[in-house]
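One structure is given here, and the rest of the page talks about it.
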Amino acid sequence: MQRALSVSRMTGNLSTFPDWYQAIVREADLAEVSPTRGAMIIKPWGYGVWERIQQTLDRRIKETGHENCYFPLFIPLSFFAKEAQHVEGFAKEMAVVTHHRLKSVDGKLVPDPDARLEEPLVVRPTSETIIGDAFSRWIKSHRDLPVLINQWANVVRWEMRTRLFLRTSEFLWQEGHTAHATAEEGREETLKMLEVYREFSETVLAMPVVAGEKPENERFPGADKTYSIEAMMQDGKALQAGTSHDLGTHFAEAQNIRFQNSAGELVHCHTTSWGVSTRLIGGVIMTHGDDDGLRLPPAIAPRQVVIVPMLRDKPEDAEVLVAGEALVKALGQVTALGEPVRALLDTKAQKSAEKRWNWVRRGAPVIIELGPRDVAGGTISFMRRDRLRDGDKVASQSMSREDFLAGLPALLAEIQQGLYDEAKARLEANIRTDIATFDDMAAFFGAAAADEEEATAFRGWVRAPWARPTGDELEAIEQKLKALRLTLRNAPMDQPAIFGPCLFTGRPGVEEILIGRAY
RNA sequence: CGGAGUGUGGCUCAGUCUGGUAGAGCACCGCGUUCGGGACGCGGGGGUCGCAGGUUCAAAUCCUGCCACUCCGACCA
C-alpha cells in the first residue's frame with residue numbers, strides 16, 4: 001500500500017516515530033525550522049490550526065469570566081530576583097537583552113559597548129513577575145478581587161534541545177493570571193481552569209487526557225500545587241498538554257500583592273497561573289496522525305471541507321469552477337459543531353491528484369472531488385480523512401448534493417467523535433493498573449530488554465498507589481525512575497476510595513500516581 | 001558540557017578508502033500525450049561539495065584548524 005508519508009510511525013518498534021513526526025510536520029505544511037536557533041516558522045496551515053485553538057479556547061476563557069490583556073515582552077531582570085524558587089527554575093534558560101544599539105567594528109556589527117543597558121531585560125519565559133507587579137498596584141481592596149486576566153503571547157525559554165511544536169526556544173501560548181481573596185478561591189480557580197483544559201482538549205482537540213496533580217518535584221517554580229493534563233501519544237509517551245498552578249501567596253509575598261479585607265486587615269492575595277501552548281499542535285499530530293499524514297479533528301481544521309476540482313484544460317472546466325464556488329457558498333451556510341462550515345475550493349494550478357494528496361497529508365477532514373460528472377448529475381464525491389482507505393483503495397463515497405449538505409453536520413461531528421474514541425480507547429487500553437512492585441514496573445518498561453528494538457517498544461503508562469513521599473525520599477525515587485527513563489506524571493483527579501501498598505516504599509498508599517516516559 | 005555520528009541542488013542520498021571536468025531519484029520549469037485513484041515521454045534550470053588554511057600540475061576526495069546540525073546523556077514543564 002502506498003503511503004503519503006515516506007516514513008511509517010509503526011514499524012515493529014518505535015525508533016522511526018521521531019522521523020515520522022518530523023515528516024508530518026514538514027509534509028503537512030505545518031512548520032519548519034528557522035534560521036534562528038531552536039525557533040520555528042509556523043506556516044499558514046499550522047498557524048491556522050493555532051488560530052482555531054485560540055478561538056475555541058479563548059471563548060472558554062472568557063466564558064469563565066476572564067479578560068484578555070497584554071504585558072511587555074521584556075521584563076526587568078530585577079523582577080526575577082524577588083521569588084527565589086521561581087528564578088532558580090528559569091535562570092538557566094533565559095534570553096537576556098543587554099544592549100540597545102549596534103556598532104560597526106572592523107566591518108563587523110557588534111553590540112555597542114557604550115549602549116549597555118543599565119538594567120538588563122529578560123525576554124519573558126513566563127509573566128508571573130511582571131503581571132504580579134501590576135497586580136500589586138491594581139489591588140488595594142477586597143472589592144478589587146478577584147482579578148481574572150489572560151494574555152495570548154510568545155515566550156522564550158532557551159532549551160538545550162528543541163523539537164518543532166513540542167519544545168522550541170520561542171513558543172506561542174496563553175497564560176492566565178488571577179488573584180483572589182482566599183486560599184479556597186485560588187484553589188477553585190486552579191481546578192476550574194484545569195477542567196477547562198481537560199474539556200477543551202477532549203472535545204476540541206479530540207485528545208483524551210488524564211487530569212491530575214503533579215508530584216512535588218514536578219511543580220512549577222514557586223507554586224503550592226501544580227496540576228496538569230497528560231495525553232498519551234501513539235508511541236506510548238506522555239505529553240504534558242496543559243498546566244494550572246495554585247501559587248498560594250508565594251508571589252503575592254514576593255511582590256507585595258496585598259489588599260485590605262472587610263475587617264480592615266492588610267493581607268496577601270492568593271494567585272494562580274495556567275497555560276497551554278503551541279505544544280498542543282504536537283500533541284494533535286502524535287495523537288491523530290497516521291501513515292498518510294495528519295488527521296485534523298474538524299473543530300480545529302482551518303478548512304473542514306476542501307474541494308478539489310477535476311480540471312482538464314477543457315471548456316467544461318469553467319462549469320466545474322462555477323459549481324465549486326457555489327458549493328463553497330452553500331457549505332458556508334451549513335452549521336456544524338456550532339459554527340459555519342469552513343470550506344475551500346482549491347484552485348491552485350496543480351494536478352488534481354497532487355492536490356488531493358496534499359490535503360490528505362494536511363489532514364483536511366473531508367475532501368471533495370468535484371468533476372464534470374458531479375456537476376451534471378448533482379452529486380458529491382468525497383473521502384473522509386479519518387477513514388481514508390478501504391484495504392489498498394481510497395474509500396470514496398458519492399451522494400446527492402442535497403443529502404451531502406444535509407448530512408455534513410452529522411458527518412463532521414462523527415469524525416470529531418471518532419478521532420476522540422479511537423484515542424480514548426488507546427489511552428484506556430494502555431494504562432496498566434496491575435503492577436505492584438518497582439521491579440515488576442522496571443520489567444514492564446523493558447529495563448532488562450536486551451536489544452534496542454525491545455527497549456523502544458510501545459509501553460504506555462503504569463498507574464499505581466504510592467505513599468506520596470516527599471523531600472529526599474522523593475528525590476531518590478525520581479533518580480531511580482530516571483535510570484529507566486521514567487517520570488512521575490500526575491496523580492489523577494479521580495481516585496479510588498482505598499489503596500494498596502506504595503509501589504516505591506511498600507507503605508500504605510494514599511493516592512494513585514501515573515508513571516511513564518515523557519516528552 | 002561528555003559520548004557517537006553527519007555536513008554534496010529544495011528533499012533523500014551516492015561519489016571520499018584508491019585525488020583527474022559534480023552525480024542519481026524525488027521536487028521544479030517547458031512541450032506533448034494523459035487526467036474520476038499518487039501518469040508517461042522528450043527537453044531544461046538549479047550545487048563556490050559546511051568554513052578557512054595547507055599539500056598537489058590537479059582536492060568533494062589527502063592533511064590541519066574551526067563551525068553547524070543530528071542522536072544518546074546532561075539539561076528541560
Side-chain angles (χ1 to χ4, degrees), chain A residues 1-7 15 18-19 22-23 26-27 32-33 35 37-38 86 88-94 125-126 155 157-163 166-169 171 173 175 214-215 217-223 226-230 238-245 273-277 279-280 282-283 292-293 308-314 316-317 320 349-361 367-377 379-383 388-398 452 455-456 479 482-483 485 487-490 518-519:
Chain A
M1 189 197 309
Q2 271 190 308
R3 289 190 308 261
L5 295 183
S6 49
V7 184
S15 57
D19 291 335
Q22 285 190 350
R26 183 178 65 245
E27 295 185 39
E32 61 185 31
V33 295
R37 181 194 167 280
H86 189 64
E88 192 188 331
F90 285 107
K92 282 170 284 185
E93 49 185 57
M94 285 187 186
T126 178
V155 289
R157 297 179 187 180
W158 213 255
E159 304 287 359
M160 299 296 274
R161 197 191 301 169
T162 58
R163 281 181 84 183
L166 296 176
R167 182 176 294 112
T168 45
S169 51
F171 55 92
W173 76 347
E175 48 179 326
K214 284 290 198 185
N217 59 319
E218 298 273 348
R219 266 182 211 143
F220 176 78
T226 286
Y227 297 85
S228 72
I229 51 171
E230 304 281 334
L239 183 75
Q240 181 172 296
T243 49
S244 185
H245 314 290
S273 68
W274 27 274
V276 299
S277 72
R279 172 182 269 195
L280 288 176
D292 287 305
V308 176
M310 310 302 293
L311 305 176
R312 293 188 294 177
D313 294 325
K314 298 214 169 132
E316 61 260 38
D317 283 4
V320 172
Q350 222 173 7
K351 289 193 310 189
S352 7
E354 205 162 320
K355 288 198 269 195
R356 177 180 57 240
W357 284 103
N358 282 340
W359 289 112
V360 166
R361 273 188 282 268
I367 301 166
I368 294 175
E369 291 179 294
L370 188 71
R373 291 211 293 273
D374 296 305
V375 175
T379 57
I380 299 292
S381 305
F382 67 98
M383 56 188 78
L388 184 68
R389 293 174 185 274
D390 177 16
D392 281 356
K393 291 195 314 205
V394 169
S396 160
Q397 34 188 323
S398 185
E452 182 65 13
T456 57
Q479 290 307 318
K482 200 172 193 171
R485 291 187 287 164
T487 54
L488 301 168
R489 301 318 301 159
N490 69 23
Y519 275 95

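The figures here come from the full heavy-atom set of this structure, side chains too, leaving out hydrogens, waters and symmetry mates.
- Counting any heavy atom pair closer than 4.0 Å across all strands shown, Lys351(A) reaches a base atom.
- Mapping Glu218(A) and Pro372(A) onto RNA chain B by nearest heavy atom places Pro372(A) at the nucleotide closer to the 5' end.
- Side-chain proximity of Asp374(A) to the nucleotides G36(B), C28(B), C35(B) is greatest for G36(B).
- Nucleotide C11(B) holds its C1' atom 7 Å from the CZ atom of Arg26(A), rounded to whole Å.
- Pairing each heavy atom of Asn490(A) with each of Pro215(A), the nearest pair is CA-CD, 4.4 Å.
- Listed nucleotides C35(B), G38(B), G36(B) differ in distance to Arg312(A); the shortest reach to its side chain belongs to C35(B).
- Spacing between atom CD of Gln350(A) and atom C1' of A39(B) amounts to 15 Å, rounded to whole angstrom units.
- On the P atoms, C11(B) is 24 Å away from G5(B), given to the nearest whole Å.
- Pair assignment for C62(B) gives G54(B), based on Watson-Crick or G-U wobble hydrogen-bonding distances that are each under 3.5 Å.
- Within the nucleic acid shown, Asp313(A) has no heavy atom closer than 4.0 Å to any nucleic acid atom.
- Within the 4.0 angstrom heavy-atom criterion, no nucleotide atom of any strand lies near Ser352(A).
- Straight-line distance between the C1' atoms of C67(B) and G50(B): roughly 7 Å, to the nearest whole Å.
- Every residue meeting the salt bridge (Lys or Arg N to Asp or Glu O under 4.0 Å) condition with Glu230(A), not counting sequence neighbours, appears here in chain and number order: Lys214(A), Arg489(A).
- With a cut-off of 3.5 Å on both pairing distances, the Watson-Crick or G-U wobble partner of C69(B) is G5(B).
- Taking atom CD of residue Glu354(A) and atom C1' of nucleotide G36(B), one finds them 17 Å apart after rounding to whole Å.
- Closest of all the heavy-atom pairs between Tyr519(A) and Leu166(A) is CD2-CD1, 3.9 Å.
- A straight line from CH2 of Trp357(A) to C1' of A39(B) spans 15 Å, rounded to a whole angstrom.
- For A14(B), there is no paired base (Watson-Crick or G-U wobble, both distances below 3.5 Å).
- Spacing between C76(B) and G65(B) at atom C1', rounded to whole Å, works out to 33 Å.
- Between Val155(A) and Glu175(A), the closest side-chain pair of non-hydrogen atoms falls below 4.5 Å.
- No contact: Thr226(A) has no heavy atom under 4.0 Å from any strand.
- Rounded to the nearest Å, the gap between the P atom of G38(B) and that of A27(B) is 14 Å.
- The partner of G41(B) is C31(B), by the rule that a Watson-Crick or G-U pair needs both atom distances under 3.5 Å.
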For this session: At under 4.0 Å between heavy atoms, which parts of nucleotides 67-76 of chain B does protein reach? Answer with one letter per nucleotide, 5' to 3': B base, S sugar-phosphate only, - none.
Result: ----SBBBBB

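- If you take atom P in A22(B) and the same atom in U16(B), they sit 15 Å apart, rounded to whole Å.
- In this structure, Pro221(A) reaches the bases: a heavy-atom distance under 4.0 Å links it to at least one base atom across the strands shown.
- Counting heavy atoms from C-beta outward, Phe382(A) and Asp374(A) have side chains that stay 4.5 Å or more apart.
- The separation of A60(B) from A74(B), taken at their P atoms, amounts to 42 Å, rounded to a whole angstrom.
- With C1' as the reference atom, G23(B) and U64(B) are 29 Å apart, rounded to whole Å.
- One C1' atom belongs to C17(B), the other to C26(B), and the distance between them is 29 Å to the nearest Å.
- In this entry the distance linking CZ of Arg373(A) with C1' of C35(B) reads 11 Å, nearest Å.
- Summarising the geometry, the separation between CZ on Arg356(A) and C1' on C35(B) is reported as 10 Å, rounded to the nearest angstrom.
- Across all non-hydrogen atoms, the minimal contact from Val320(A) to Pro372(A) is CG2-N, 3.8 Å.
- Shown here are the salt bridge (Lys or Arg N to Asp or Glu O under 4.0 Å) partners of Arg312(A), two or more places apart in sequence or in another chain: Glu316(A).
- Between Ser396(A) and Gln240(A), the residue anchored closer to the 5' end of RNA chain B is Ser396(A), taking for each the nucleotide with the nearest heavy atom.
- Straight-line distance from the CE atom of Met310(A) to the P atom of G38(B): 10 Å, rounded to whole Å.
- The partner of A74(B) is absent, by the rule that a Watson-Crick or G-U pair needs both atom distances under 3.5 Å.
- Per the geometry, CD1 belonging to Ile367(A) stands 15 Å off P belonging to G38(B), to the nearest Å.
- Judged purely by atom type and a 3.5 angstrom limit, Arg279(A) has no side-chain atom pairing as donor or acceptor with the backbone of Phe171(A).
- Proximity of a side-chain donor or acceptor of Arg157(A) to a complementary backbone N or O of Pro125(A) within less than 3.5 Å is detected.
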